[in-house]
Colleague: 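Quick one: the structure is below, questions incoming.
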Amino acid sequence: MKRIMLFLFILPLAVAGQSEQSAFLDTDLENQWVVLVNNWSYHLGDNKEWSNPSFNDSLWPKFSNMIINVPDSVAKENKNGIVWFRKKIKTVLPLNQQLVLRIYQTGASEIYLDGQLIHQLGRVSAAQDSIIYYNPGRDLLSFPLVPQKDQILAIRYANDPSQFPVFASGTGMILRVATLSHANADPPMLQYKIRYYIVFGVAIFMLILFLAYFLFFPTEKINLYFAISSLFFSLFIIAVLVLLNMHQKPFLAEFCIGFFLTCQALLILFCIYKILKQKFGLLFWSVVVLAAFLIGLLFLFDYLLITQIIGTIVLLEILRISIKSLKTDRRAALIFLVFCVINIAFWVAIILDQLSIMEVPSLWLYQPFAFLLMPLSLAIYLGYIFGNRSKSLQNKLKEVEQLSEENHRILSTQNETLEMQVNERTSALNTSLENLKATQSQLIQAEKMASLGELTAGIAHEIQNPLNFVNNFSEVSKELLEEMQKELVAGNLEDVREIAKDVIQNLEKINHHGKRADGIVKGMLQHSRKNTGEKELTDINALVDEYLRLAYHGLRAKDKSFNATLETDYDHAIGKIEIVPQDIGRVMLNLITNAFYTITERKKGPLAPKGGTHEYEPTVSISTKLISPLRGDQGGILISVKDNGNGIPESALDKIFQPFFTTKPTGQGTGLGLSLSYDIINAHGGDLRVYTEENKGTEFVISLPIPK
């Protein structure tokens with residue numbers, strides 16, 4: 001397979017088809033490069049005597065070809081052997097004209113002129129592993145021909161084809177001759193490399209630009225795709241520059257060129273699909289799959305052919321979707337269409353020039369810029385988008401300024417009206433504030449009355465018990481006294497004494513339960529009367545236990561079905577402490593009542609299991625604990641009220657001590673109980689904290705200091 005175009009090392013040949021004459025004319029070498037094509041003799045084997053001008057090579061096979069190599073059929077028989085090439089050459093140039101060679105080769109060679117070694121390019125060896133490949137590329141090599149003299153040009157050559165690609169074409173040598181003056185006037189390889197360095201700089205700039213746009217506007221992912229495309233483009237240029245600057249076997253660089261260029265082409269196609277809002281249908285994925293398949297063929301065939309096929313397919317697809325999108329997004333489609341057409345036209349001109357159908361002098365020098373066309377189309381599209389956005393933002397800014405002026409006029413006309421309304425509203429707010437304060441006082445009083453109601457129900461139950469005892473023992477004592485009168489008449493003094501003892505015991509019990517009722521009444525009076533704020537020495541354990549029973553019996557009086565397990569753990573080492581008993585009692589009543597409420601709700605709700613050994617058992621635990629002082633600090637006591645109810649939602653934890661906040665349904669709580677309790681504990685120099693876990697329970701812990 002012949003290359004479609006000779007790129008990088010095999011550059012366009014100006015006189016690819018010119019035949020060799022017996023003598024070179026001055027005009028031939030002064031104005032162009034002449035390829036040594038005709039009348040070559042070759043022989044397989046190795047003998048240094050074959051470079052001698054006197055050696056007779058008339059029996060050697062002849063061939064005429066631009067690429068100096070043995071025929072394929074002969075090469076297969078001696079694939080890696082050394083071969084000699086000989087040719088008679090003569091020039092009529094004057095002595096002041098110096099000739100130069102430009103050689104391309106895929107092996108190693110020794111160049112002899114009349115038996116003298118004039119150039120050694122690499123190391124020639126019959127053993128393939130020992131061959132040192134060297135390709136001078138566009139380097140100028142001296143060619144000391146003697147004018148008006150027949151001379152023998154002999155080449156000792158060892159071809160060293162790479163393992164990949166398997167079916168490489170163009171292996172061998174190409175020898176071109178020109179005068180030194182023409183060679184210096186010919187566009188040097190340096191210009192070609194400089195153009196690639198310029199393209200590389202543009203690629204890096206676009207990579208940074210697109211990446212910066214993505215970082216500043218991460219929602220627009222198309223800029224990220226642009227940046228990745230520019231990254232592959234930069235890697236492609238690096239691979240090309242490596243290939244241009246190396247003299248070793250180039251397959252790895254060639255493969256990288258094909259791979260990176262294909263990735264960049266597919267990413268550009270992907271971006272254009274996104275920009276033009278085309279569906280990624282069967283045709284798109286067919287192009288991707290075909291490109292991936294062709295990349296694999298780089299191991300079999302020359303990269304130039306493969307990349308040209310892939311590039312042609314991608315360009316044709318971009319051309320198709322650009323034409324298709326002219327109706328939906330005309331400007332963006334036109335940008336890609338114009339650049340695509342220019343790109344296709346350039347590569348068509350390159351191919352026609354290579355095939356000598358159309359001559360375009362030095363067109364190959366501008367080849368690096370052709371690779372920039374489609375990436376530049378993305379950059380121009382990006383500029384077009386930002387220009388449109390800038391115009392849109394300017395228009396919106398003008399609209400905002402107009403609206404601002406209108407609003408300013410409206411505001412200026414309404415200022416006086418607003419000032420009048422503000423004065424009226426301020427007066428109304430002051431009135432509302434006074435009403436709110438009055439309402440707040442009423443609500444606080446209502447909370448106290450609700451607490452009193454809870455307490456009264458328990459007190460009523462507590463008073464009923466001692467009254468029942470008083471009535472029962474009074475009746476029994478009356479019966480005993482009547483019996484004692486009968487025994488006195490009968491003269492049974494012993495029985496009279498026993499009956500008198502029983503009467504005395506009954507009277508003691510009547511007195512005990514009478515005092516119990518008196519204490520309950522006094523406690524009720526203390527709770528209901530206005531708090532003086534004076535602290536008293538109080539048995540905290542007795543106070544807590546008293547309000548636990550009052551709250552329990554109070555709830556039982558309202559709901560006969562209510563039942564709960566009460567657990568107590570009192571630290572008797574506490575003794576009496578100075579507190580305001582009415583206030584602490586109100587706090588305990590509120591916390592215990594809340595605990596009874598939440599276990600009742602859980603028992604009613606779906607969280608309580610039905611039947612079985614794991615049936616829910618509502619439990620309220622009360623405990624007190626003495627904290628001994630450390631290092632001179634105040635000691636203190638802890639009072640815990642714990643339940644196994646539903647717990648408090650996490651979203652409500654920050655609000656439970658706020659006034660008027662309640663988790664109870666509307667009408668079942670004022671939202672002041674915990675707020676007042678918190679204030680009371682703070683007034684005592686203590687702290688009220690809550691620990692809760694949803695569906696497991698809640699614990700309120702009161703800490704009160706004990707003065708030194």
Colleague: To the nearest 0.5 Å, what is the distance between CG on D571 and CG on L626?
Modeller: 5.5 Å
Colleague: Please determine whether side-chain contact (heavy atoms from CB on, under 4.5 Å) holds for the pair I622 and L566, giving the CA-CA distance in whole Å, both sets of side-chain angles, and the decisive distance to 0.1 Å.
Modeller: CA-CA 8 Å; I622 310 293; L566 303 181; over 6 Å; no
Colleague: Is a donor on one side and an acceptor on the other found under 3.5 Å between the side chain of N644 and the backbone of E617?
Modeller: yes
Colleague: Determine, step by step, whether L674 and Y678 satisfy the side-chain contact (heavy atoms from CB on, under 4.5 Å) criterion, reporting the C-alpha distance in whole Å, the side-chain angles of both residues, the deciding distance to 0.1 Å, and the verdict.
Modeller: CA-CA 6 Å; L674 287 177; Y678 188 82; over 6 Å; no
Colleague: Quick one: are the ring centres of F700 and Y691 less than 6.0 Å apart?
Modeller: no
Colleague: Could you tell me which non-hydrogen atom of G647 sits nearest to which non-hydrogen atom of T692, and how far apart they are?
Modeller: CA-OG1, 3.4 Å
Colleague: Contact between F270 and I222 at the side-chain level, heavy atoms closer than 4.5 Å - yes or no?
Modeller: no
Colleague: State the CD-CZ distance between Q394 and R389, to the nearest 0.5 angstrom.
Modeller: 14.5 Å
Colleague: Side chains of E567 and T619: do they bring a donor and an acceptor to under 3.5 Å?
Modeller: no
Colleague: Apply salt bridge (charged side-chain N to carboxylate O under 4.0 Å, His left out) to E494 and R497, showing your working.
Modeller: CA-CA 5 Å; E494 190 65 30; R497 290 190 188 93; 3.3 Å; yes
Colleague: Contact between L688 and S677 at the side-chain level, heavy atoms closer than 4.5 Å - yes or no?
Modeller: yes
Colleague: Is there side-chain contact between I639 and I540, with heavy atoms separated by less than 4.5 Å?
Modeller: yes
Colleague: Check step by step if side-chain contact (heavy atoms from CB on, under 4.5 Å) holds for L543 and I584.
Modeller: CA-CA 9 Å; L543 180 71; I584 299 300; 3.8 Å; yes
Colleague: How many angstroms lie between atom CG of L224 and atom NZ of K221, to the nearest 0.5 angstrom?
Modeller: 8.5 Å
Colleague: Looking at every non-hydrogen atom in both residues, tell me the closest pair between T598 and N646 and how far apart they are.
Modeller: OG1-N, 3.4 Å
Colleague: Evaluate the side-chain proximity of Y597 to R602: yes if any heavy-atom separation is below 4.5 Å, no if none is.
Modeller: no
Colleague: Surrounding CZ of F259 (heavy atoms of other residues, nucleotides or ligands, distance under 6.0 Å), is the total greater than 12?
Modeller: no
Colleague: Taking all non-hydrogen atoms of both residues, which atom of I321 and which atom of L269 are closest, and how far apart?
Modeller: CD1-CD1, 4.3 Å
Colleague: F210 and Y225: aromatic ring centres closer than 6.0 Å?
Modeller: no
Colleague: Quick check: does any side chain N or O of N395 sit under 3.5 Å from a backbone N or O of K391, one acting as donor and the other as acceptor?
Modeller: yes
Colleague: Kindly check if the number of other-residue, nucleotide or ligand heavy atoms within 6.0 Å of OH (Y570) is above 12?
Modeller: yes
Colleague: Closest heavy-atom contact between A551 and T593?
Modeller: CB-OG1, 4.3 Å
Colleague: Taking the side chain as every heavy atom from C-beta outward, state whether I208 and F205 have any atom pair closer than 4.5 Å.
Modeller: no
Colleague: Please examine the side chains of I238 and F233, heavy atoms only from C-beta on, and report whether any two atoms are closer than 4.5 Å.
Modeller: no
Colleague: Checking N563 against Y552: is there a side-chain donor and acceptor pair closer than 3.5 Å?
Modeller: yes
Colleague: Within this structure, what is the OG-CZ distance for the pair S640 and R689, rounded to the nearest 0.5 Å?
Modeller: 13.5 Å
Colleague: Is the Y381 ring parallel, tilted or perpendicular to the Y384 ring (thresholds 30°, 60°)?
Modeller: tilted
Colleague: Verify whether the ring centers belonging to F386 and Y213 lie closer than 6.0 Å.
Modeller: yes
Colleague: Over 60° means perpendicular and under 30° means parallel, so tell me whether F232 and F260 are parallel, tilted or perpendicular.
Modeller: tilted
Colleague: Could you check if a side-chain atom of T568 sits within less than 4.5 angstrom of a side-chain atom of N541, using non-hydrogen atoms only?
Modeller: no
Colleague: Please determine if K396 and E399 form a salt bridge, counting it only when a charged side-chain N lies under 4.0 Å from a carboxylate O.
Modeller: no
Colleague: Return the set of residues passing side chain to side chain contact (heavy atoms under 4.5 Å, CB included) with L282 (not counting sequence neighbours), or none when no residue passes.
Modeller: S286
Colleague: Could you check H684 against I579 for side-chain contact (heavy atoms from CB on, under 4.5 Å), going step by step and ending with a plain yes or no?
Modeller: CA-CA 7 Å; H684 279 75; I579 58 172; 4.0 Å; yes
Colleague: Ignoring hydrogens and angles, tell me if any N or O in the side chain of T538 forms a donor-acceptor pair with the backbone of E536 under 3.5 Å.
Modeller: yes
Colleague: With rounding to the nearest 0.5 angstrom, report the OH to CG distance, Y547 to D545.
Modeller: 12.5 Å
Colleague: State, with a plain yes or no, whether a side-chain heavy atom of K625 is found less than 4.5 Å away from one of I637.
Modeller: no
Colleague: Using every non-hydrogen atom in the two residues, find where P375 and Q264 come nearest and quote the distance to one decimal.
Modeller: CG-NE2, 3.0 Å
Colleague: Grab the two heavy atoms, one from S229 and one from I268, that are nearest each other, plus how far apart they are.
Modeller: OG-CG1, 3.4 Å
Colleague: Between CZ of F596 and CG of L548, what distance do you get to the nearest 0.5 Å?
Modeller: 5.5 Å
